[in-house]
Amino acid sequence: MKATVINRRIRQSKIEFFQKNIITWFDENGRDFPWRKNSLTAYKKVIAEVLLQRTKAETVAKFYSVFLKKYPSWKSLYETRLGTLEKMLTPIGLYKQRAKLLRKLAREMVKRNGRLPKTKEEIKKLPFAGQYITNAILQFVYNEPSPSLDVNMARVLERFFGPRKMADIRYDPYLQKLAWKVVNHKDSKKINWGILDFASVICKARIPHCGQCDLRNQCRFFNQGT
């Protein structure tokens with residue numbers, strides 16, 4: 001898809017409307033999770049995003065403090081037996097391959113004395129650091145506006161602005177550019193968290209609560225009667 005087409009489809013005024021209303025909605029309805037505290041260490045923030053990548057936030061909320069109690073640092077995580085870590089992660093749906101990657105990440109971080117790299121290109125070289133984790137580190141550790149783009153965020157953005165062309169959200173140029181534009185804001189954390197909470201509470205996959213949606217006046221999904 002050509003850049004001119006992408007730009008034409010992403011209207012700045014509509015983006016600003018979306019940003020304003022998502023922030024307002026989040027201020028009034030946002031969920032309270034332990035990993036959203038500003039006082040957390042970088043380790044605790046990264047672990048949260050690793051656990052959240054393929055698991056519902058409500059499930060992680062029950063598991064997060066238990067995991068941190070057992071593994072309070074990169075060193076403790078690296079020194080644990082792989083089988084023990086696999087057993088620990090299985091109840092939340094993170095199986096052997098994920099446990100191995102997390103151990104590799106822990107080993108790398110121990111080598112780095114716990115210091116995360118600061119550039120996007122260097123972060124991407126870390127074990128486990130695909131697009132989602134890389135963006136999460138930039139956003140939640142370094143406060144650089146970066147989208148938490150998963151299937152839930154994609155659903156909200158596509159319903160409001162219009163659908164992507166490619167099946168894999170990681171490679172769709174329209175959705176990628178749109179997600180970055182939407183979070184390019186001084187309250188980027190609130191926008192990321194707001195979209196994810198909105199997806200869980202209002203813009204649900206099967207039965208969205210459009211009647212309760214503050215965005216419906218400009219929502220493509222709602223106004224097309226989809």
Side-chain angles (χ1 to χ4, degrees), residues 1-11 14-15 18-19 22 35 42 45-57 59-60 89 92-105 108-109 116-185 188-200 203-206 208 220-221:
M1 187 182 295
K2 293 182 179 179
T4 53
V5 176
I6 296 171
N7 290 333
R8 193 158 56 241
R9 293 179 66 183
I10 305 172
R11 306 291 184 182
K14 192 167 185 176
I15 288 174
F18 181 90
Q19 291 169 329
I22 279 292
W35 54 85
K45 290 177 181 179
V46 174
I47 290 299
E49 297 305 324
V50 167
L51 299 178
L52 286 164
Q53 192 174 15
R54 294 175 181 267
T55 312
K56 288 184 178 180
T59 301
V60 175
L89 294 174
I92 64 166
L94 296 179
Y95 301 108
K96 289 185 178 181
Q97 184 182 11
R98 293 275 155 179
K100 288 179 181 178
L101 281 172
L102 186 53
R103 276 284 304 285
K104 286 182 179 179
L105 175 58
E108 178 64 23
M109 292 306 299
L116 285 163
K118 294 185 177 181
T119 68
K120 184 175 182 179
E121 291 308 312
E122 288 300 314
I123 293 169
K124 285 166 64 176
K125 294 177 184 178
L126 292 174
F128 220 124
Q131 185 184 101
Y132 180 91
I133 296 297
T134 298
N135 287 353
I137 291 172
L138 289 171
Q139 175 66 85
F140 301 116
V141 176
Y142 295 122
N143 296 312
E144 294 183 19
S146 306
S148 300
L149 185 56
D150 63 359
V151 293
N152 299 301
M153 178 179 279
R155 180 174 70 253
V156 174
L157 295 181
E158 289 185 84
R159 282 177 174 174
F160 187 81
F161 293 98
R164 67 183 187 269
K165 295 293 184 181
M166 300 177 70
D168 194 324
I169 63 177
R170 294 173 297 174
Y171 306 115
D172 184 85
Y174 160 73
L175 187 56
Q176 286 290 325
K177 184 166 186 175
L178 174 59
W180 281 92
K181 278 181 172 285
V182 166
V183 302
N184 186 21
H185 189 279
S188 55
K189 283 184 182 179
K190 282 188 177 183
I191 291 174
N192 268 304
W193 289 332
I195 294 173
L196 297 177
D197 288 0
F198 193 77
S200 177
C203 199
K204 296 186 176 185
R206 293 188 178 182
R220 182 179 182 275
F221 179 87

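The structure displayed is predicted, hence computed values, not measured ones.
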task = Determine the minimum heavy-atom distance between Tyr142 and Leu116, stating which atoms define it.
result =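 Between these two residues, the closest heavy atoms are OH-O, 3.0 Å.
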ask   = Do Lys14's NZ or CZ and the ring of Phe160 fall within the cation-pi criteria of under 6.0 Å and 45°?
value =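 Ring-cation test returns yes.
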Give a yes or no on whether the backbone of [Y] and the side-chain of [X] come within a donor-acceptor separation of less than 3.5 Å.
{"X": "Asp172", "Y": "Lys165", "result": "yes"}
{"X": "Asp150", "Y": "Met153", "result": "yes"}
{"X": "Asn192", "Y": "Ser146", "result": "yes"}
{"X": "Lys104", "Y": "Pro127", "result": "no"}
{"X": "Arg164", "Y": "Ala167", "result": "yes"}

Report yes if some heavy atom in the side chain of [X] is under 4.5 Å from a heavy atom in the side chain of [Y]; otherwise report no.
{"X": "Phe18", "Y": "Val156", "answer": "yes"}
{"X": "Pro208", "Y": "Phe221", "answer": "yes"}
{"X": "Arg155", "Y": "Arg159", "answer": "yes"}
{"X": "Ile195", "Y": "Asn152", "answer": "no"}
{"X": "Pro117", "Y": "Leu126", "answer": "yes"}
{"X": "Leu101", "Y": "Leu105", "answer": "no"}
{"X": "Leu175", "Y": "Glu158", "answer": "yes"}
{"X": "Arg220", "Y": "Pro163", "answer": "yes"}

(request) Let me know which of Ile123, Asn143, Ile133 forms a side-chain contact (heavy atoms from CB on, under 4.5 Å) with Leu138. (result)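 So the option named by the test is Ile123.
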>> Using side-chain hydrogen bond (donor to acceptor under 3.5 Å, both in side chains), reason through Ser188 and Gln139 one step at a time and then give a plain yes or no.
In response: CA-CA 8 Å; Ser188 55; Gln139 175 66 85; 3.0 Å; yes
Just verifying a value: how many Å separate [X] [atom1] and [Y] [atom2], rounded to the nearest 0.5 Å?
{"X": "Trp35", "Y": "Leu52", "atom1": "CH2", "atom2": "CG", "value": "5.0 Å"}
{"X": "Leu51", "Y": "Leu102", "atom1": "CG", "atom2": "CG", "value": "7.5 Å"}
{"X": "Lys190", "Y": "Gln19", "atom1": "NZ", "atom2": "CD", "value": "13.5 Å"}
{"X": "Thr134", "Y": "Lys120", "atom1": "OG1", "atom2": "NZ", "value": "7.5 Å"}
{"X": "Thr119", "Y": "Lys124", "atom1": "OG1", "atom2": "NZ", "value": "10.0 Å"}
{"X": "Gln53", "Y": "Tyr132", "atom1": "CD", "atom2": "OH", "value": "7.0 Å"}

More than 12 heavy atoms of other groups within 6.0 Å of Lys100 NZ
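Result for NZ/Lys100: open.
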* Not counting sequence neighbours, which residues clear side chain to side chain contact (heavy atoms under 4.5 Å, CB included) with Gln176? List them please. =>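 Counting only residues at least two positions away or on another chain, Gln176 forms a side chain to side chain contact (heavy atoms under 4.5 Å, CB included) with Gln131, Leu149, Trp180.
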